[in-house]
A.B. asks: 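This is the structure I have questions about; it appears just below.
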Number of protein chains: 2
Amino acid sequence: MTESYYPDVRALHLFSEMADEHFEALMRVSYVQTFPPQIEMITEGDSSDFLHIVLSGAVEQFCTWNGRETIMSTIRPISTFILAATIKDAPYLMSARTLEKSRIALIPSQDVRAVFDADGQFARAIVTELAQCYRSVVKAQKDIKLRTSLERLANYLLRQQRYSGGGQGFDLPIEKRRLALLLGMTPENLSRAFKALQAYGVTVDGAGVHIRDREDLERFAKPSALIDDYSS
Amino acid sequence: MTESYYPDVRALHLFSEMADEHFEALMRVSYVQTFPPQIEMITEGDSSDFLHIVLSGAVEQFCTWNGRETIMSTIRPISTFILAATIKDAPYLMSARTLEKSRIALIPSQDVRAVFDADGQFARAIVTELAQCYRSVVKAQKDIKLRTSLERLANYLLRQQRYSGGGQGFDLPIEKRRLALLLGMTPENLSRAFKALQAYGVTVDGAGVHIRDREDLERFAKPSALIDDYSS
DNA sequence: AAGATCACTTGATATTTATCAAGCCGGCAG
DNA sequence: CTGCCGGCTTGATAAATATCAAGTGATCTT
């Protein structure tokens with residue numbers, strides 16, 4: 001197995017500041033696996049033996065209960081996931097499946113915990129990352145408890161537009177039926193919600209979205225830094 | 001100001017393992033303040049200058065957007081809050097108000113961060129605490145995205161029953177109008193939901209709740225360790 | 001003790017969201 | 001090329017949830 005992914009992992013804020021020897025130690029015990037699309041890599045309730053890093057492809061975290069399913073987040077390269085379960089040595093709260101063919105690096109959880117104790121910089125980075133994850137879920141919680149589905153979609157589109165460079169037109173990064181579950185609604189209602197947003201200058205053609213006048217949409221969506229700004 | 005609260009704070013998992021000198025250093029720069037009921041101590045968006053610890057009384061975290069309000073959690077002694085904002089040195093995502101007259105200890109955020117770098121045990125404890133907080137929000141998110149309001153109430157009652165000793169009767173720890181917002185519904189619908197749960201042996205008189213047959217209610221509520229077990 | 005206030009409840013109604021059942025359409029396999 | 005399949009859409013309907021408007025009962029205040 002090639003070591004070509006080391007620099008990419010090293011560049012992650014989680015690993016960028018730690019001592020070389022500790023980074024090397026982690027990389028030596030980790031390995032890379034390639035998964036085909038639509039494979040459930042992690043099932044909620046299982047014990048967390050590895051910290052996962054998405055090197056290429058895409059992974060989604062989802063949860064099920066009583067026959068229902070919802071999507072919690074989509075993870076794209078290069079990022080880690082299930083850090084909290086790894087740290088706490090507790091069962092996964094979310095399942096994960098590949099959306100596309102994906103390369104995943106796996107670092108044994110016990111080694112992550114060991115290096116945490118030995119490397120202060122790494123410990124600092126883990127805490128920052130965890131705090132970031134925590135704040136992201138709090139924002140998601142505010143989004144769903146304070147907004148209607150139409151408002152959630154409008155704000156999602158505004159975030160996505162910004163993320164994709166700020167131009168009027170951009171492509172949805174995931175299928176609509178998945179976006180619906182991510183936003184806490186059904187695919188049918190997502191369809192209707194897109195139509196309802198035409199009144200605010202939003203047009204859709206397949207995965208392509210066009211926002212005629214951002215300010216017009218913002219007047220309806222009322223985006224807030226404390227919900228929609230994923231960088232803080 | 002008395003130092004009588006030191007042992008209580010020291011007993012928190014967050015502070016129990018750290019070196020004496022570091023604990024003393026934190027306590028020296030911290031102070032205690034007593035707030036009357038219904039005081040907004042923290043407003044979302046403000047910068048996070050202190051880590052807060054509820055010594056007595058009760059505090060609730062809530063969020064607002066576009067004229068709407070929701071409650072995120074209730075914090076009772078002895079526990080910390082807004083740890084993530086303190087660590088990241090980022091704005092608060094949630095506001096906080098006292099429910100009763102409360103004594104709050106305040107530790108300057110910069111000192112928390114400094115001791116974090118100096119004390120590995122403390123760093124470890126912070127990470128564990130943060131991971132716990134993260135997992136709690138994920139569970140809350142699953143609760144609200146996968147369940148109807150009636151199911152959320154049923155599971156809340158089962159959790160509360162267990163928490164209060166497991167007997168058939170127990171008292172709601174917060175007002176019903178607050179419970180409604182915590183569960184993501186209106187007070188009116190909470191009232192109706194209680195009535196609907198009569199069909200499963202739940203009776204309510206004021207703050208008192210009686211569950212005739214736990215198993216009967218569980219058949220409807222379908223509690224899951226991955227949503228309702230707050231200890232893992 | 002009388003009046004005011006507030007949490008809670010109830011009923012009627014409106015809105016939001018989900019479900020069910022087709023139908024459309026583009027990609028893909030045979 | 002043709003037919004099938006899956007994602008998407010649409011319409012009709014049902015269920016869940018919110019809103020509005022009273023009304024009740026307890027507590028607090030004066």
Side-chain angles (χ1 to χ4, degrees), chain A residues 37-38 60 64-71 74 97 99-100 143-157 171-199 202-209 220-221, chain B residues 36-38 60 64-71 74 97 99-101 143-157 171-199 202-209 220-221:
Chain A
Q38 305 300 332
E60 79 180 2
T64 56
W65 177 80
N66 194 26
R68 298 168 211 165
E69 176 179 326
T70 191
I71 295 176
T74 304
R97 70 165 78 92
L99 294 176
E100 321 158 2
D143 190 46
I144 205 154
K145 285 186 85 172
L146 289 168
R147 290 170 170 165
T148 67
S149 60
L150 196 58
E151 290 163 343
R152 292 198 294 276
L153 175 60
N155 280 293
Y156 174 86
L157 294 178
D171 282 351
L172 296 174
I174 55 174
E175 290 173 282
K176 285 179 186 169
R177 69 199 180 92
R178 293 179 195 282
L179 177 57
L181 296 188
L182 185 64
L183 293 176
M185 56 205 289
T186 58
E188 293 97 324
N189 277 327
L190 179 62
S191 239
R192 288 184 260 263
F194 270 121
K195 261 174 94 172
L197 287 182
Q198 285 179 7
V202 176
T203 47
V204 188
D205 178 30
V209 176
F220 168 73
Chain B
Q38 304 300 332
E60 78 179 3
T64 56
W65 178 80
N66 194 26
R68 298 169 211 164
E69 175 180 326
T70 191
I71 296 177
T74 304
R97 70 164 78 92
L99 293 177
E100 320 158 3
K101 181 180 174 192
D143 190 46
I144 206 155
K145 286 187 83 174
L146 288 167
R147 289 171 171 165
T148 67
S149 60
L150 196 58
E151 290 163 344
R152 291 198 294 277
L153 175 60
N155 280 292
Y156 173 86
L157 294 178
D171 281 352
L172 296 174
I174 54 174
E175 290 173 283
K176 286 178 186 168
R177 69 197 179 95
R178 295 180 194 283
L179 177 57
L181 297 187
L182 185 64
L183 293 176
M185 57 205 289
T186 58
E188 292 99 323
N189 276 325
L190 178 63
S191 240
R192 288 185 260 265
F194 270 121
K195 261 173 92 170
L197 288 183
Q198 283 178 7
V202 176
T203 47
V204 189
D205 178 31
V209 177
F220 168 73

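By convention in this document, chain letters (A, B, ...) are assigned in the order of the sequence lines, proteins followed by strands, and residues within each chain are numbered from 1.
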A.B. asks: Which whole-number value in Å describes the distance from B/R177 CZ to C/dT5 P?
C.D. replies: 16 Å
A.B. asks: Rounded to whole angstroms, how far apart are CG on A/D205 and P on C/dC25?
C.D. replies: 13 Å
A.B. asks: Shoot me the first and last contacting nucleotide of DNA chain D against chain B, ordered 5' to 3', at under 4.0 angstrom to non-hydrogen atoms.
C.D. replies: D/dT17 to D/dC20
A.B. asks: Ignoring hydrogens, what is the shortest heavy-atom contact between B/L153 and B/A193? Give both atom names and the distance.
C.D. replies: CD2-CB, 3.6 Å
A.B. asks: What pair of heavy atoms forms the shortest contact from B/A180 to B/L190, and how long is it?
C.D. replies: N-CD2, 3.8 Å
A.B. asks: Residues from residues 184-192 of chain A sitting under 4.0 Å of DNA chain D, heavy atoms only?
C.D. replies: A/E188, A/S191, A/R192
A.B. asks: Report, as yes or no, whether the 6.0 Å neighbourhood of atom CG on A/D171 holds more than 12 heavy atoms from other residues, nucleotides or ligands.
C.D. replies: yes
A.B. asks: Give the rounded distance in Å between these two atoms: CZ of A/R152 and P of C/dT16.
C.D. replies: 13 Å
A.B. asks: Taking CG from B/L179 and P from C/dA7, how many angstroms apart are they, rounded to a whole number?
C.D. replies: 15 Å
A.B. asks: Distance check, rounded to the nearest 0.5 Å: A/W65 atom CH2 versus A/E69 atom CD?
C.D. replies: 15.0 Å
A.B. asks: Under a 3.5 Å distance rule, please check whether A/K176 uses its side chain to pair with a backbone N or O of A/G206 as donor and acceptor.
C.D. replies: yes
A.B. asks: Can you tell me how far C1' of C/dT5 sits from CD of B/E175, to the nearest Å?
C.D. replies: 14 Å
A.B. asks: Rounded to the Å, how far apart are B/F194 CZ and C/dT9 P?
C.D. replies: 8 Å
A.B. asks: Output the rounded distance in Å from CD (A/E69) to P (C/dA18).
C.D. replies: 15 Å
A.B. asks: Looking at CD of A/E151 and CG of A/L197, how far apart are the two atoms once the value is rounded to the nearest 0.5 Å?
C.D. replies: 10.5 Å
A.B. asks: Check whether any side-chain heavy atom of B/I174 sits under 4.5 Å from a side-chain heavy atom of B/E60, and report yes or no.
C.D. replies: no
A.B. asks: Of the non-hydrogen atoms in B/L181 and A/K145, which two are nearest, and what is the gap between them?
C.D. replies: O-NZ, 3.3 Å
A.B. asks: Within the distance-only criterion (no hydrogens, no angle test), does the side chain of A/R152 pair as donor or acceptor with the backbone N or O of A/R147 below 3.5 angstrom?
C.D. replies: yes
A.B. asks: Are B/K195 and C/dT9 close enough that a side-chain N or O sits under 4.0 Å from OP1 or OP2?
C.D. replies: no
